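Just so it is clear, the structure is predicted and the values come from calculations on it, not from any experiment.
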Amino acid sequence: QVQLVESGGGLVQAGDSLRLSCAASGLTFSTYVMGWFRQAPGKEREFVAAISWGGSNKYYTDSVKGRFTISRDNAKNTVNLQMNSLKSEDTAVYYCAARSGPRIARLVNEYDYWGQGTQVTVSS
């Protein structure tokens, strides 16, 4: 079955960096759009970033543009999220998600598979 396993979360200070990774199995990874979402306590899950099949197209929510970078390695079935200049408002559980097909999407219900999430806490 399809599995998405996130890693790399932790507790950091404002201004620090973290690199999240997501390892995928049980799917033809190169034919899935991959996305990162996050959910803060008491809030809805929200889109953070997404990357196309080949990695040439990347999309970000406005609040992370210039600070976060999404990338993928189709040979290793992994997708990463490099997070720099972290802020306290970035504190959330971060989820990796996979969407079948070529179209990049930003809505939670447009993704087919989800990981279990990894906690990112940024102290100010």
Side-chain angles (χ1 to χ4, degrees):
Q1 75 271 22
V2 175
Q3 280 194 314
L4 303 177
V5 180
E6 302 97 335
S7 60
L11 171 63
V12 296
Q13 293 188 332
D16 285 351
S17 298
L18 272 178
R19 183 177 177 86
L20 304 183
S21 293
C22 172
S25 60
L27 74 171
T28 305
F29 184 73
S30 60
T31 65
Y32 280 76
V33 166
M34 298 301 297
W36 285 97
F37 289 74
R38 65 187 180 188
Q39 188 167 16
K43 294 189 176 182
E44 300 274 327
R45 192 170 298 187
E46 65 172 359
F47 172 80
V48 175
I51 188 166
S52 59
W53 287 2
S56 57
N57 295 316
K58 303 174 184 181
Y59 296 87
Y60 301 92
T61 193
D62 286 346
S63 63
V64 308
K65 284 180 182 176
R67 300 189 299 122
F68 290 12
T69 303
I70 189 171
S71 62
R72 67 188 295 162
D73 186 336
N74 286 346
K76 296 181 179 180
N77 285 10
T78 57
V79 60
N80 302 304
L81 186 67
Q82 178 66 42
M83 306 186 295
N84 298 330
S85 303
L86 283 161
K87 304 176 181 180
S88 57
E89 51 262 45
D90 295 318
T91 295
V93 177
Y94 283 71
Y95 297 90
C96 171
R99 170 184 163 80
S100 179
R103 187 175 69 84
I104 288 187
R106 297 170 183 257
L107 299 180
V108 170
N109 61 9
E110 293 182 291
Y111 282 77
D112 302 301
Y113 302 105
W114 293 84
Q116 82 288 351
T118 186
Q119 177 71 47
V120 172
T121 304
V122 184
S123 64
S124 56

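Between Y111 and F37, the ring centre distance stays below 6.0 Å.
What you find for R72 and I51 is that their closest heavy atoms are NH1-O, 3.6 Å. Heavy atoms only, all atoms of each residue included: E110 and A105 are closest at OE1-CB, 3.2 Å. The two atoms that bring M34 and C96 nearest to each other are CE-SG, 3.6 Å, heavy atoms only. Contact detail for L27 and N77: the closest heavy-atom pair is O-ND2, 4.4 Å. Scanning both residues, V33 and R103, for their nearest heavy atoms gives CG2-O, 3.7 Å. Of all the heavy atoms in S52 and I104, the pair that sits closest is N-CD1, 3.7 Å.
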key: Criterion side chain to side chain contact (heavy atoms under 4.5 Å, CB included) on E6 and L20, from CA distance to verdict   = CA-CA 7 Å; E6 302 97 335; L20 304 183; over 6 Å; no
ask   = Can you list the steps and then say if K65 with D62 is a salt bridge (Lys or Arg N to Asp or Glu O under 4.0 Å)?
value = CA-CA 5 Å; K65 284 180 182 176; D62 286 346; 3.0 Å; yes
query = Taking it one step at a time, do Y59 and F47 satisfy side chain to side chain contact (heavy atoms under 4.5 Å, CB included)?
reply = CA-CA 10 Å; Y59 296 87; F47 172 80; 4.3 Å; yes
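No chain of hydrophobic side-chain contacts below 4.5 Å, direct or via other Ile, Leu, Val, Met, Phe, Trp or Tyr residues, connects F29 to W53. V2 is connected to V79 through a chain of hydrophobic side-chain contacts under 4.5 Å among Ile, Leu, Val, Met, Phe, Trp and Tyr, so both are in one cluster. Follow the hydrophobic side-chain contacts under 4.5 Å out from L81 and you reach V12 in the same cluster. Linking Ile, Leu, Val, Met, Phe, Trp and Tyr residues whenever their side-chain heavy atoms come within less than 4.5 Å leaves Y60 and V108 in two separate clusters. Cluster annotation: I70 is connected to M83 through the hydrophobic network of ILVMFWY side chains, with a link wherever side-chain heavy atoms come within less than 4.5 Å.
At a cut-off of 3.5 Å, with distance as the only test, a side-chain donor of Q82 or N84 sits close to an acceptor on the other residue.
Once rounded to the nearest 0.5 Å, the distance linking CD of Q1 with OH of Y113 reads 10.0 Å. In this structure, CZ in R38 is found 5.0 Å from CG in D90, a value given to the nearest 0.5 Å. Atom CZ of residue R45 and atom CG of residue L107 lie 13.5 Å apart, to the nearest 0.5 angstrom. Rounding to the nearest 0.5 angstrom, the gap separating the CG atom in L86 from the CZ atom in R67 is 6.5 Å. Taking OH of Y32 as the start and CG of D112 as the end, the distance is 6.0 Å to the nearest 0.5 Å. Y94 OH to S7 OG: the interatomic distance, rounded to the nearest 0.5 Å, is 15.0 Å.
Classified by interplanar angle (parallel below 30°, tilted 30° to 60°, perpendicular above 60°), the ring pair W114/Y95 is perpendicular.
Using a 4.5 Å heavy-atom threshold, the side chains of S21 and T78 count as separate. Two residues are said to be in side-chain contact when any heavy atoms from C-beta on lie closer than 4.5 Å; T28 and S30 meet this criterion.
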